[in-house]
Amino acid sequence: MPRRSDPPATKRRDRETAGDMDEQRERAAYDVVAAQEKWRPVWEKLNPFQAADDGSKERRYALTMFPYPSGDLHMGHAEVMALHDVVARYWWQRGYDVMNPIGWDSFGLPAENAAIKRDEHPATYTYANIETQAESFRRYGISFDWSRRLHTSDPEYYQWTQWLFLRFRERGLAYRKHSPVNWCPNDQTVLANEQVVQGMCERCGAEVTKRELSQWYFKVTDYAQRLLDDMEQLEGRWPERVLAMQRNWIGRSEGAHVDFDVKLHPGTDGTTEPDPVRTVRVFTTRPDTLYGATFMVVAADAKLASEVCAPDRREALEAYLEEVRKETDIDRLSTERPKTGVDLGVVAVNPVNGEELPVWAADYVLADYGTGAIMAVPAHDQRDLDFARAFGLPVRRVIDTGEDNPEESGVATTGDGVYVNSGDLDGLTDKESGIGRIIERLETDGRGKGTVNFRLRDWLLSRQRFWGCPIPVVHCDSCGEVAVPDDQLPVELPDLRGVDLKPKGVSPLAAAEEWVNTECPQCGGPAKRDSDTMDTFVDSSWYFLRYCSPGLTDGPFDPEDVRRWMPAHIYVGGVEHAILHLLYSRFFTKVLHDMGMVDFVEPFSTLMNQGQVINRGKAMSKSLGNGVNLGEVIDEYGVDAVRLTLVFAGPPEDDIDWADVSPGGSLKFLQRAWRLSGDVASAPGVDPTAGDEALRRVTHRTVHEAAELVESRRFNVMVARIMELVNTTRKAIDSGCGPEDPAVREAVEAVAILLSLVAPYTAEEMWERLGHQPTVARAGWPQVDESLLVEDTVTAVVQVQGKVRARLEVPPSISAADLEQQALADPAVVRFLEGKTVRKVIVREPNLVNVVAP
RNA sequence: GCCCCCGUAGCCCAACGGCAGAGGCAGAGGUCUUAAAAACCUUGCAGUGUGGGUUCGAGUCCCACCGGGGGCACCA
């Protein structure tokens, strides 16, 4: 990466020989490596970033998504932290009391897999990595408050994860059920829906299969509507696309439940008994097409299918099920897949017209969405139409949209049109009234009602792995499922390592007999501990609350502490957590709100997603060989240059292509800025008001704009403004007011403070050379003199027909009438107006006049 | 298929509906030097993906299309 022409990060100090001292001071580059070593201990001693939390200043909570401790920091971490730190350090400079905590999401699979390979305890690997990362963060100069540090794998932390789990369980929000679940054959554990991407395990990429298991769930579906509604508070403060993704994921659909009677033995003759009937409920978003239903479809893998199946069709259903089960999600995902299914040999009675419809089982209907059964309206639903055509089932159009008849065209029509063949709906022309009327009728008849359905499923939280938070429940033969009493928490992990951790399809914990076999807290009899652990997303769903009360021993957090700091003012992290982590954290917050433990419903006021660091157009990866090693880049250019490069590369949310940026250029700029500090020839504390006014204007405007730019999170533009100020100051020194002018000191001090948000080492070096005590990080934001923001004169542009024809130097306070008069009197303008009639003059004082004269 | 975001100079990117260019990278020229490097100075080549529209005025607002990225997807 480093180019031949890039300046070296390290310059030998001993080259500054006495003879050329002046020359050297002006030209030399400062020693980046030495500066990094020099300031760390100073900062650690000063401890400038510990939240005071004494109410003397307004509080700000700067939160960054805590890291997972696999290996050392990489470019991704470097980017988030650099961006995040701009905000945190800005708040410090503005005089807020800032809480900027750090911790580790330290349970999880990678550590466990690594431990198995090395035949050691996952904790050994995990905590070693944490130390490495912590050291890197310190070197990287992030303004963390280390006193609040936490690790989710510490018993002191997960005790409260367990405690929260028990509270959720008491409220019916954590429950166990037996059902088919996503199973990763590679990691040998179940996965949440959210962890299955395109039919693959999100983590390892293995093809996900299904298994029937008893598993713990959080009832996040109870909160679906609130998760949706409360997004209103986030509008404009969270990235639109994250909100869109969450909305998408929650997947609200309005529609209706319709009850069909299914006759279980249709056509049986020679008996006087009425047919046994079973009511089957379907969910539809288009109840208005009920007259167009020509068959019913039940999810083949739903219990319902075998329950309603006619005896003589049972064999066919079993055979079909066999086939379906062999399919993976991958098969199911492939589009244009031919429809398959089997006739169940029974009929359903359409509640609005008494028609008997055949009932089929198929895999295009999902068992776990809606009721697992649908009414099929082939004319107006493409999937149903494909199915009808595959099996020769009838198609009946009930909305005439003016398009081709679906029966012939093979294309279902879904738009508005005139209702036909639909009883009293006939003649209506819009969907809303059709839907309204049919729901009204169904409700009157007791055959259905308007309802809402969500795509969101409950959150499967059990994992059959070792390195996670144990589920604090015991299973007793006589008492059943019993919660571990609070005073016996935490349920600590046993000391397993190496081969004992190998995935066997059941949790490794189940094999730790001494641990598993316990006493029932209720009856004292023999019982077994639940041997599953929790999804690590449970750990991370509340860590931001724990930061407010680090080390608290009698609760997960103190509601008073949380009230002072939360909701977090800004949350910075990758968009890869747009759904999972953020949805779960929002869910936890709402539950805690209902428990009276927090007084807000949304945990993160503002969300900032940073882009990814890629290289040559592609994500960095070992196989592509395009990885960029953070440590090496820092060794080459220094921490500040790397941070500056990442902040300056573009808007925070955009991806950064490492091939497009220039850390060498960043270093060069930092050296330029640093050299300014050696040129300042006035003493600290000199009164700047007597200084060069032109330079002072630039300084004050830059400081003013920088604040606005940080607050609107346009950090790249802020850096550009600092560069401008550096360039202007350079010129002032070399060919303007000269180094003794107090305005130069004012400018350079401003540069140091502004730079402290991005390049703390360089800023500190500058501050020291300017004759100040450390630390520049707490120097305070420069006071802006408002009067210097107002220019003496501004350039007004005069346009004729939208084209610039003249420029006028006018006072900023000029009136519209004066400006118009001056503009029309300008010789150039007069020339362009010759022979034309002025129809209209638009004046935007003091900047612009546009003369309309066609 | 549905939904969302983005197209400005060779490149990364700025630009309250008002002079298309702030900053950087790369390039060119120069100062210094025996020479080179470093440092410093000078230098802007596109009319904003395409076509319409609104407006006195559009990179910016609206519509359509093209291109790129992302999310969801047999969710009834």
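Just so it is clear: chains get the letters A, B, ... in the order the sequence lines come, proteins before strands, and each one is counted from 1. Just so you know, these numbers come straight off a predicted model, no measurement behind them. Atoms considered below: every heavy atom in the structure, side chains included; atoms not considered: hydrogens, waters and symmetry mates.
- One finds a salt bridge joining Glu254(A) and Arg252(A) here, because a Lys/Arg side-chain nitrogen approaches an Asp/Glu carboxylate oxygen to under 4.0 Å.
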Between the protein and nucleotides 46-49 of chain B, list every N/O to N/O distance that falls short of 3.5 Å.
none

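- The gap from the C1' atom of rG49(B) to that of rU33(B) amounts to 48 Å, rounded to the nearest Å.
- Rounded to whole angstrom, the span from the CH2 atom of Trp674(A) across to the P atom of rC40(B) amounts to 13 Å.
- In this structure a side-chain-to-backbone donor-acceptor pair under 3.5 Å is missing from Arg805(A) to Val800(A).
- rG47(B) has its base syn relative to the sugar, with a glycosidic angle deviating from 0 by at most 90°.
- Comparing rC25(B) with rA20(B), their P atoms sit 26 Å apart, to the nearest whole Å.
- Rounded to whole Å, the P atom of rG18(B) lies 11 Å from the corresponding atom of rU60(B).
- Using the six-membered ring where Trp is involved, Phe387(A) and Phe391(A) have ring planes that are tilted, between 30° and 60° apart.
- For the P atoms, the distance linking rC19(B) with rC5(B) amounts to 26 Å, nearest Å.
- Distance alone, capped at 3.5 Å, is enough to place a donor-acceptor pair between the Gln246(A) side chain and the Ala578(A) backbone.
- As judged by a 4.0 angstrom heavy-atom cut-off over every strand, Pro239(A) is placed among residues making no nucleic acid contact.
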Could you tabulate the donor-acceptor pairs under 3.5 Å formed by side-chain atoms of residues 281-299 of chain A, not counting sequence neighbours?
| residue | atom | partner | partner atom | Å |
| --- | --- | --- | --- | --- |
| Arg281(A) | NE | Asp259(A) | OD1 | 2.9 |
| Arg281(A) | NH2 | Asp259(A) | OD2 | 3.3 |
| Thr284(A) | OG1 | Arg286(A) | N | 2.9 |
| Arg286(A) | NE | Asp288(A) | OD1 | 3.0 |
| Arg286(A) | NE | Asp288(A) | OD2 | 3.4 |
| Arg286(A) | NH1 | Thr414(A) | O | 3.4 |
| Arg286(A) | NH2 | Asp288(A) | OD2 | 3.0 |
| Asp288(A) | OD2 | Tyr419(A) | OH | 2.5 |
| Thr289(A) | OG1 | Arg286(A) | O | 2.7 |
| Tyr291(A) | OH | Arg441(A) | NH1 | 2.7 |
| Thr294(A) | OG1 | Pro394(A) | O | 2.8 |

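- Taking atom P in both rG17(B) and rG24(B), the straight-line distance is 26 Å, to the nearest Å.
- In terms of position on RNA chain B, the residue among Lys840(A) and Asn453(A) whose nearest nucleotide sits closer to the 5' end is Lys840(A).
- On the C1' atoms, rU48(B) is 27 Å away from rU42(B), given to the nearest whole Å.
- Residue Arg714(A) has a polar side-chain atom (N or O) positioned under 4.0 Å from OP1 or OP2 of rA15(B).
- Checking side-chain atoms of Asp655(A) against main-chain N and O of Gly611(A) turns up no donor-acceptor pair under 3.5 Å.
- An OP1 or OP2 oxygen of rC56(B) is reached within less than 4.0 angstrom by no side-chain nitrogen or oxygen of Arg844(A).
- Here rC12(B) presents its C1' atom at 17 Å from CZ of Arg616(A), a figure rounded to the nearest Å.
- Evaluation of the ring pair (Phe, Tyr, Trp, His ring centres under 6.0 Å) rule for His704(A) yields no partner, not counting sequence neighbours.
- Ion pair Arg730(A)/Asp734(A) flagged as a salt bridge, since at least one NZ, NE, NH1 or NH2 atom sits closer than 4.0 Å to an Asp/Glu carboxylate oxygen.
- Taking a cutoff of 4.0 Å between a charged side-chain nitrogen and a carboxylate oxygen, Glu791(A) and Arg701(A) qualify as a salt bridge.
- In this structure a side-chain-to-backbone donor-acceptor pair under 3.5 Å is missing from Asp679(A) to Pro739(A).
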Per-pair distances, 0.1 Å, donor-acceptor, side chain in residues 716-724 of chain A, under 3.5 Å, sequence neighbours excluded:
| residue | atom | partner | partner atom | Å |
| --- | --- | --- | --- | --- |
| Arg721(A) | NE | Glu705(A) | OE1 | 2.7 |
| Arg721(A) | NH1 | Glu724(A) | OE1 | 3.3 |

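- Arg241(A) comes within 4.0 angstrom of sugar-phosphate atoms only, judged by non-hydrogen atoms across all strands, and of no base.
- Distance CG (Asp655(A)) to P (rG70(B)): 9 Å, rounded to an integer number of Å.
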Kindly give the atom pairs (protein nitrogen or oxygen, nucleotide nitrogen or oxygen) under 3.5 Å for nucleotides 29-32 of chain B.
none

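- Nucleic acid contact class of Ser253(A) (heavy atoms, under 4.0 Å, all strands): sugar-phosphate only.
- Salt-bridge annotation for Glu235(A) and Arg247(A): present, with a side-chain N of the basic residue lying under 4.0 Å from a carboxylate O of the acidic one.
- Pair assignment for rG27(B) gives rU43(B), based on Watson-Crick or G-U wobble hydrogen-bonding distances that are each under 3.5 Å.
- Here Tyr364(A) does not reach the OP1 or OP2 of rA76(B): none of its side-chain N or O atoms lies under 4.0 Å away.
- At distances below 3.5 Å, at least one donor-acceptor pair connects side-chain atoms of Asp458(A) with backbone N or O atoms of Val220(A).
- Remark: P of rA73(B) and CG of Asp386(A) are 19 Å apart, rounded to the nearest angstrom.
- The interatomic distance linking Glu240(A) (CD) with rG70(B) (P) rounds to 19 Å, in whole Å.
- Distance, Met245(A) CE to rC4(B) P: 15 Å, rounded to whole Å.
- Put simply, CZ on Arg247(A) is 18 Å from C1' on rA73(B), counting in whole angstrom units.
- Proximity of a side-chain donor or acceptor of Thr371(A) to a complementary backbone N or O of Ala373(A) within less than 3.5 Å is detected.
- Rounded to an integer number of Å, the gap from CZ of Phe454(A) to C1' of rA76(B) is 16 Å.
- Candidate nucleotides rC25(B), rA76(B), rG71(B) were compared by shortest atom distance to the side chain of Lys668(A), and rC25(B) ranks first.
- Taking atom P on both nucleotides, rC40(B) is separated from rG68(B) by 42 Å, rounded to a whole Å.
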Atom pairs, protein N/O to nucleotides 19-24 of chain B N/O, distance under 3.5 Å:
| residue | atom | partner | partner atom | Å |
| --- | --- | --- | --- | --- |
| rC19(B) | O2 | Arg807(A) | NH1 | 2.0 |
| rC19(B) | O2 | Arg807(A) | NH2 | 2.8 |
| rC19(B) | N3 | Arg807(A) | NH1 | 2.8 |
| rA22(B) | O2' | Arg721(A) | NH1 | 3.4 |
| rA22(B) | O2' | Glu724(A) | OE1 | 2.7 |
| rA22(B) | O2' | Glu724(A) | OE2 | 2.9 |
| rG24(B) | OP1 | Asn727(A) | ND2 | 3.4 |

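- The side chain of Trp249(A) lies closest to rC72(B), out of rC13(B), rC72(B), rC56(B).
- rC62(B) sits 15 Å from rU54(B) when the P atoms are compared, rounded to a whole Å.
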